[in-house]
Chemist: 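Next up is a structure, given as structure tokens.
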There are 2 protein chains.
Amino acid sequence: MTTTHSSSGPPARTPRGSARARLIAAAHQEVRRQGYAATTVDQICTAAGVTKGAFFHHFESKEALAVAAAEAWTERARPMFDMLPHTRLEDPLDRLLGHIDFRFSLLHGPVDGFTCFIGTMVQDAYATSEPIRLACEASIAAYCEALAPDIEAAMDAYGAPDGMTALDLARHIQSVLQGGFVLAKTTNDSAIARESVAHLTRYVRMIFGRT
Amino acid sequence: MTTTHSSSGPPARTPRGSARARLIAAAHQEVRRQGYAATTVDQICTAAGVTKGAFFHHFESKEALAVAAAEAWTERARPMFDMLPHTRLEDPLDRLLGHIDFRFSLLHGPVDGFTCFIGTMVQDAYATSEPIRLACEASIAAYCEALAPDIEAAMDAYGAPDGMTALDLARHIQSVLQGGFVLAKTTNDSAIARESVAHLTRYVRMIFGRT
DNA sequence: ATCTACATACCGACTGGTTGGTATGGTGTC
DNA sequence: GACACCATACCAACCAGTCGGTATGTAGAT
């Protein structure tokens, strides 16, 4: 309710000009819960509190919204790499472990609350929509590239197994997270994802010789 | 047209009594490519070479087929644990590493060829169908429980970090595989999944002190 | 062996509801 | 009053599921 209403004002009019952002946020929410194909345009509109007219004014198609939402998701993740306290630590390995700890700390509460929009969407869209797949690929790549510098620095400082690269390990971290999301969906519980990330933490510590 | 045809007989009639199995196999194929929601009953029927009449003769609903297909998938995986050469090895750690190597060896060729029916389906059905979610949970649990005895034996023989359990590690292995499938879908390439499993192999070796 | 009675397996046109997308009209802002 | 922004009404395509019917097998009585 943004406007004054004495009794239960019906439609709770949304501020003009915010429809695009609201639609993207609604897409994140709905797609994370149901996947891309199962989410209808009407559902997204209802969740966003706008009508179809607004939807197709801002986006050419459902697919176009998906691509825009993927880009927005990447932007949403950016603060993880420069705004959080652990990013100020001196030691690159501390920064890396701090990042994983942070991801671990997110794995609580209902499953819809921590799963990945990109990972969910790519599962049922990669074969049917190349634009969506490419947007998802770009988003994952951006995450891994943001993680790589600290890994690289840790490798320089502490050494690393032969044949391992920074991007390699970054992708493995992402892989464990995505796998944890999938398993959490099977049990409808976050514990199984935390377990897996705990193994990941142990692995990273062992690689760099930190007990 | 069930009768004899001289030139290119069109529909290639399927043997009577095989419809149920064909439908399940078709569901595995189609759902792995597109997810559950995006796959239509007609698509499954076409892929199976039967009609809708046959579909609803054997299954009460699309959801019922999904549950049956999940159970069939579990059965399909069973030979992995008792028919393969590495399962005859003496050392439990060798059996475990052999299993992971085997999973690694499957990660080649087109993405649809190696991804997991269960992991794909649970992503867009866990919130909308409790029966499907439960069937997926059971399938994953069965896999982990089949893997656990060798891990347990390896822990007894070689020791293991405090607080780690066999089921724990089994679930982590499954998690890395599922995560690899997701990442492979973003790049539409199997390499990224192999990378991640290579990290997993290194982790398991490090845990049990085998260099 | 043949006939009757019934069960199982399958076919494909049809239906009521849903979907992504469109056409058109209204409303606030510069 | 022009233009971006959004609402409402609508449509053709598509969807899961239904239904009347056919084809094939089979068990028992004669």
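Chain naming here is simple, since letters A, B, ... match the order of the sequence lines and numbering starts at 1 in each.
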Chemist: So which protein N/O to nucleotides 13-18 of chain D N/O distances come out below 3.5 Å?
Modeler:
residue	atom	partner	partner atom	Å
D/dA16	OP1	B/Val41	N	3.4
D/dA16	OP1	B/Lys62	NZ	3.4
D/dA16	OP2	B/Val41	N	2.9
D/dA16	N7	B/Lys52	NZ	2.9
D/dG17	OP2	B/Lys62	N	2.9
D/dG17	N7	B/Lys52	NZ	3.2
D/dG17	O6	B/Lys52	NZ	2.9

Chemist: Report yes if a side-chain nitrogen or oxygen of A/His58 is closer than 4.0 Å to either non-bridging phosphate oxygen (OP1 or OP2) of D/dC6; otherwise report no.
Modeler: yes
Chemist: Please verify the inter-ring angle class for A/Phe102 with A/His99; under 30° counts as parallel, over 60° as perpendicular, anything in between as tilted.
Modeler: tilted
Chemist: Assess, by modelled atom type and distance only, whether the side chains of B/Arg33 and A/Tyr126 contain a donor and an acceptor separated by less than 3.5 Å.
Modeler: no
Chemist: Start with the C-alpha gap between B/Asp94 and B/His86, add the side-chain angles, then the distance that decides, and say whether side chain to side chain donor-acceptor pair (under 3.5 Å) holds.
Modeler: CA-CA 8 Å; B/Asp94 284 336; B/His86 70 257; over 6 Å; no
Chemist: Quick check on C/dA9: is either OP1 or OP2 less than 4.0 Å from any side-chain nitrogen or oxygen of B/His57?
Modeler: yes
Chemist: Specify the closest pair of heavy atoms between B/Tyr203 and B/Leu169, including all atoms of both residues, with the distance to one decimal.
Modeler: CE2-CD1, 4.0 Å
Chemist: To the nearest Å, give me how far apart CZ (B/Arg22) and C1' (C/dA9) are.
Modeler: 14 Å
Chemist: Main chain of A/Phe104, side chain of A/Arg194: is a donor-acceptor contact present, judged purely on distance under 3.5 Å?
Modeler: no
